[in-house]
Amino acid sequence: MKRALIIVSGVSVLFTTLAFGHVMVHDTVHMMTRHEDSHLFVAVHTIVAVALGVLSLLGAYFLLTGGRRQNSN
């Protein structure tokens, strides 16, 4: 049961990350077409969104592959 819960959690994190990425891409495109926000804000927004996306995908990968195993020593 525990393994199934970990896999379901990993898939959930994966789909949530994909939805987050989709929203961030549309948000960034919207900010760039309005020309109201500063370029620095858009750049920081994009860097933070990419960093969060990478960390979230990494977490999903470790959940799905069981990368949190500990040594038996």
Side-chain angles (χ1 to χ4, degrees):
M1 179 68 179
K2 184 177 178 184
R3 183 69 183 154
L5 185 60
I6 290 173
I7 290 173
V8 169
S9 297
V11 171
S12 175
V13 169
L14 182 64
F15 282 125
T16 303
T17 302
L18 293 175
F20 171 76
H22 179 76
V23 168
M24 286 298 105
V25 166
H26 283 282
D27 189 34
T28 303
V29 168
H30 181 69
M31 284 190 296
M32 292 178 74
T33 57
R34 280 189 303 166
H35 300 294
E36 293 176 8
D37 297 324
S38 72
H39 293 293
L40 178 64
F41 177 77
V42 173
V44 171
H45 174 271
T46 303
I47 290 169
V48 169
V50 168
L52 290 174
V54 167
L55 290 174
S56 185
L57 286 175
L58 190 62
Y61 171 77
F62 283 136
L63 276 171
L64 291 172
T65 62
R68 299 181 309 149
R69 295 183 190 139
Q70 296 177 359
N71 289 340
S72 60
N73 296 343

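Judged as a side chain to side chain contact (heavy atoms under 4.5 Å, CB included), and not counting sequence neighbours, the contacts of L40 are S38, V44.
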Side-chain donor-acceptor pairs under 3.5 Å in residues 21-31, sequence neighbours left out?
unit_1, atom_1, unit_2, atom_2, d
H22, NE2, H26, NE2, 3.4
D27, OD2, H45, NE2, 3.1
T28, OG1, M24, O, 2.8
T28, OG1, H45, ND1, 3.4

Ignoring hydrogens and angles, write down the donor-acceptor pairs under 3.5 Å from the side chains of residues 49-59, residues two or more places apart or on other chains.
unit_1, atom_1, unit_2, atom_2, d
S56, OG, T17, OG1, 2.4

For a quick test of your reading: what N or O donor-acceptor pairs under 3.5 Å do the side chains of residues 5-16 make, sequence neighbours left out?
unit_1, atom_1, unit_2, atom_2, d
S9, OG, L5, O, 2.8
T16, OG1, S12, O, 2.8

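I47 belongs to no multi-residue hydrophobic cluster, having no ILVMFWY side-chain contact under 4.5 Å with any other such residue.
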